[in-house]
Visitor: 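Below is one structure. I have some questions about it.
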Amino acid sequence: MRSKECVAMILAGGQGSRLGALTKKLAKPAVPFGGKYRIIDFPLSNCYNSGIDTVGVLTQYQPLALHSYIGIGSAWDLDRRNGGVYVLPPYVREKSGEWYKGTADAIYQNFNFIEMFNPEYVLILSGDHIYKMDYSLMLDYHKTKQADVTIAVIEVPWEEAGRFGIMNTAAEDCIVEFEEKPKNPKNNLASMGIYVFSWPALRAYLAADAADTSSSHDFGKNVIPRMLAGGERLYAYRFSGYWKDVGTVESFWEANMDLLSDEPTLNLYDPSWRIYSVSPAQPPHFVADTAQIICSMITEGCQIHGQVENSVLFPGVYVGAGARVKDSIIMPYTTIGANAVINKAIIGRKSVIEAGAQIGTDEITEQEATRWFSGITLIGDNLTITSETKIKRNALLARS
Amino acid sequence: MKNVMGLINLHESHDLLREITKNRPLAAIPFGGRYRLIDFVLSNFINSGITNVGILSAGNSRSLMDHIRSGKEWDLARKRDGLFILPSLQTDNVQGAFPKDLVDFFNNLDYIRSSRQRYVLLSGSRAVCNINYEAAFRFHQEKNADITILYKEYSDTDVRQMTGATLLETTSDGRIVDMEICPVSARSNKLSLAMYLMERSLFVDLIDASVARGGTNLARDCFLKNLENLRIYGFPFQGYLAQINSVQDYFSHSMALLTPAVWQELFFSNGSIYTKVKDAAPAKYQQDAQVRSSLVANGSVIAGKVENSILFRGAKIHKDARITNSIIMQNGEVGPGAIIENVICDKDVKITAGKRLKGELNHPIVITKGTVI
């Protein structure tokens, strides 16, 4: 193999259990998003658009869907002769094998993969964030600062800072302190979970971390603090665009809704920075003369006879006449029968909502809905909600 | 069907398609919001199990080659068989009822000769349908036919309205006894799909023999002239057919896609129709969008009013614009307050703010690729 300047590693093994029914049979990065994408399309497309052509995708939980989706990477133009995309599941070595114990361990277990390309830099990414970012600019920054580690940071609202890994910086954004989920945050620069490491430095610290039995082998908890303590050069790279961790049902729903304003912060229509995806072979969607659609995203293969407002519809969704879909996300090949009403819900793949069924339509004030719970109703995959059934707000229905 | 090779003949006359075929062959005409005509025949071949496909190129084929490239989208980028481009030695665009396709078949005879399949299925690209060739193949064998030509039967009145069509006359058992190529007033009512099935060795012999006797046109010199010598049968195709001969055909068949049953049959009945992927985001309906009875492809952004229309990938309809009975091809843009009716906007056409354009249902206005109005 010709050596590569930078190899990207996408951490895509997590279950994302807080997404509930959405990740029962899917790893979080494989969850559908934005009408035609899956979450992992974002880091993969960012890699391609940033000119990074060598990408390892570390999988673990429910890997089949993710492996078959990524395939040889042709959807992201990552089917390269030298480099390209590699799916890296945990494997058994000479003596024994084990699951990835933490983010740092996952990289350490794929030491050979990285060495194969003999890179100068390793870019570590998460497979579960929605954003567009030019990693080559971050790499340039890393080189200019002659850093050992560069961590992408974003300013978050002060009241939410306690949920993140917070970087405390000195002059020129040199990182002096790292606090994981601090109770009293000293600033609001949150880590985006995007790291550029100089490979020689990372290699040494990963080996030390692997030998440390007390470590939980996590970048944020162990490796970064140890590098900080070891006097390495750590810099924060400020990012100001749209970025969202879609780790919970609420944030997943919000990130989808964020796309629906007339001028969304995350522009998916910019031809110079496309988000690539595996496209199904579906014809343009059909809008009947009884249909009414506003503030929504609708993909090819859909048939709309009813009302759709402020919603995201994936391929092959059928909305019957007189049906009303509002503030909702409808996953691929789901049928909404005539006169059914769907309000603030996420409906799983290939489910059938029969005629007249009502989901999330019970009357409670928005304040009540959000005080104790999200107010989002979640219906899993392959379910049939029979005619005239009423499902209350915030319910969760899924096959066991 | 794995014993059948496919040949797509792009020597198709397109005089009646005016501006739409100014810079592209008929096969590359955009259709149905995201496809080009050739997608249908390629997908039908693949869905029927045909994996060796030769495309007999003609005229200005740059846009077609750009569309097809390696054939990967149709699963035709293969180690063995797959997609073959058979270049044409003629540079002129195809015109008239009798294109000189035989000489190009003759010049590419080595490919046809050396293919591994026993049968060959020829097709043009103007017959848009979703067909599985299995039944026609069985028919061909049952009839012990030398050649089988696919056709669709129409009523006499429908046939009279067709221009530039080729029609067949058959006996009660299906044998073709007459064939009219682009008649002014048709006598038969069976529309040829220009799809021909026969043994490969017979096809090679027919080309050789016809060219040796000064033949230039496949339909006339290989089939029409051999109606008595060979057992040529007609296989009736029962499904939906959109044959594109003229601008009027193009317009009315596009509008027919707005009938859910037609949409369903053409895009789903015997398998998916594949095309070059453009990676556009889902269509976006903004606050003031009002869309009825329309087909909308991905990448479109709609803020205006759209009725009875087809929006191709990347169409942008601004606020207060009104589109009725129109076709907006790829990356078309209709500015704020513009009103268009019965208009076909080719690729990259931009209608600026406030403009009004109105064609007639039986004579839509066609706006050439890239025009800014």
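Worth knowing before you read on, the calculation uses all heavy atoms, side chains too, and leaves out hydrogens, waters and symmetry mates. Throughout, a chain's letter reflects where its sequence line sits, starting with A, and its residues are numbered from 1.
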Visitor: How about NZ on A:K326, more than 12 heavy atoms from neighbouring residues, nucleotides or ligands closer than 6.0 Å, or not?
Guide: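 Open.
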Visitor: Give the minimum heavy-atom separation between A:P284 and B:W263, together with the two atoms involved.
Guide: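 Taking every non-hydrogen atom into account, O-NE1, 3.1 Å.
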Visitor: For B:T275, is it the side chain, the backbone, both or neither that has a heavy atom under 4.5 Å from a heavy atom of chain A?
Guide: neither
Visitor: Under a 4.5 Å heavy-atom cut-off, does chain A meet the side chain of B:E73, its backbone, both or neither?
Guide: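 When you check distances to chain A, no heavy atom of B:E73 falls under 4.5 Å.
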Visitor: Heavy-atom cut-off 4.5 Å, strictly under: side chain, backbone, both or neither for B:I273 against chain A?
Guide: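 Backbone of B:I273 only, per the 4.5 Å heavy-atom cut-off to chain A.
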Visitor: Quick one: of A:L313, A:I293, A:T299, who has the most non-hydrogen atom pairs under 4.5 Å with chain B?
Guide: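 Looking at each option in turn, the highest pair count goes to A:I293.
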Visitor: Which residue out of A:K36, A:Q303, A:E309, A:E300 racks up the most heavy-atom pairs below 4.5 Å with chain B?
Guide: A:E300
Visitor: Going from CD1 on A:I298 to NZ on B:K284, what distance comes out if it is rounded to the nearest 0.5 angstrom?
Guide: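 It is 12.0 Å, given to the nearest 0.5 Å.
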Visitor: Where is the tightest heavy-atom contact between A:P283 and B:F268, given as atom of each residue plus distance?
Guide: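 In terms of heavy atoms, the two residues are closest at CD-CZ, 3.5 Å.
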Visitor: Select one option (side chain, backbone, both, neither) describing which atoms of A:P280 are under 4.5 Å from chain B's heavy atoms.
Guide: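 The backbone, not the side chain.
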Visitor: Where does B:V306 contact chain A at under 4.5 Å (heavy atoms): side chain, backbone, both or neither?
Guide: neither
Visitor: What is the minimum heavy-atom distance between B:A283 and A:H285, and which atoms define it?
Guide: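 Where B:A283 meets A:H285 most closely, the heavy atoms are CB-CE1, 3.6 Å.
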Visitor: What's the separation between atom CG in A:L268 and atom CG in B:N298, rounded to the nearest 0.5 Å?
Guide: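 If I round to the nearest 0.5 Å, the distance is 11.0 Å.
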Visitor: Could you tell me which portion of A:S261 (side chain, backbone, both or neither) has an atom closer than 4.5 angstrom to a non-hydrogen atom of chain B?
Guide: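 Just its backbone gets close to chain B.
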Visitor: Roughly how far, to the nearest 0.5 Å, is the CD atom of B:Q286 from the CG atom of A:L260?
Guide: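 Output value for this atom pair is 11.0 Å.
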Visitor: In Å and rounded to the nearest 0.5 Å, what is the OG to CZ distance from B:S293 to A:F286?
Guide: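 Answer rounded to 0.5 Å: 6.0 Å.
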Visitor: Identify which part of B:Y35 has an atom lying under 4.5 Å from any heavy atom of chain A, answering side chain, backbone, both or neither.
Guide: side chain
Visitor: Should we count CZ of A:R324 as having more than 12 external heavy atoms under 6.0 Å?
Guide: no
Visitor: Mind checking whether B:Y285 and A:V287 have side chains closer than 4.5 Å, heavy atoms only?
Guide: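 Result yes, sub-4.5 Å side-chain heavy-atom pair found.
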Visitor: Between atom CD of B:Q287 and atom OG of A:S296, what is the distance when rounded to the nearest 0.5 Å?
Guide: 10.0 Å
Visitor: Less than 4.5 Å to any heavy atom of chain A: does that hold for the side chain of B:K72, its backbone, both, or neither?
Guide: side chain
Visitor: Got B:P282 and A:F314 here, is their nearest side-chain heavy-atom distance under 4.5 Å?
Guide: no
Visitor: Counting only heavy atoms not in B:K350 (residues, nucleotides, ligands), do more than 12 fall under 6.0 Å from its NZ?
Guide: no
Visitor: Side chain, backbone, both or neither: which part of A:S277 has a non-hydrogen atom closer than 4.5 Å to chain B?
Guide: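 Contact with chain B: backbone only.
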Visitor: Can you measure from CZ (B:R34) to CD (A:Q282) and round to the nearest 0.5 angstrom?
Guide: 8.5 Å
Visitor: Side chain, backbone, both or neither: which part of A:L259 has an atom under 4.5 Å from a heavy atom of chain B?
Guide: backbone
Visitor: Given heavy-atom pairs under 4.5 angstrom as the criterion, report whether the side chain, backbone, both or neither of B:V277 touches chain A.
Guide: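 Side chain only.
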Visitor: Name the option with the most non-hydrogen atom pairs under 4.5 Å to chain B; the candidates are A:D262, A:I294, A:V312, A:I275.
Guide: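 If we count pairs closer than 4.5 Å to chain B, A:D262 comes out on top.
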Visitor: Against chain A, work out which of B:N308, B:L266, B:D279 has the most heavy-atom pairs shorter than 4.5 Å and name it.
Guide: B:D279
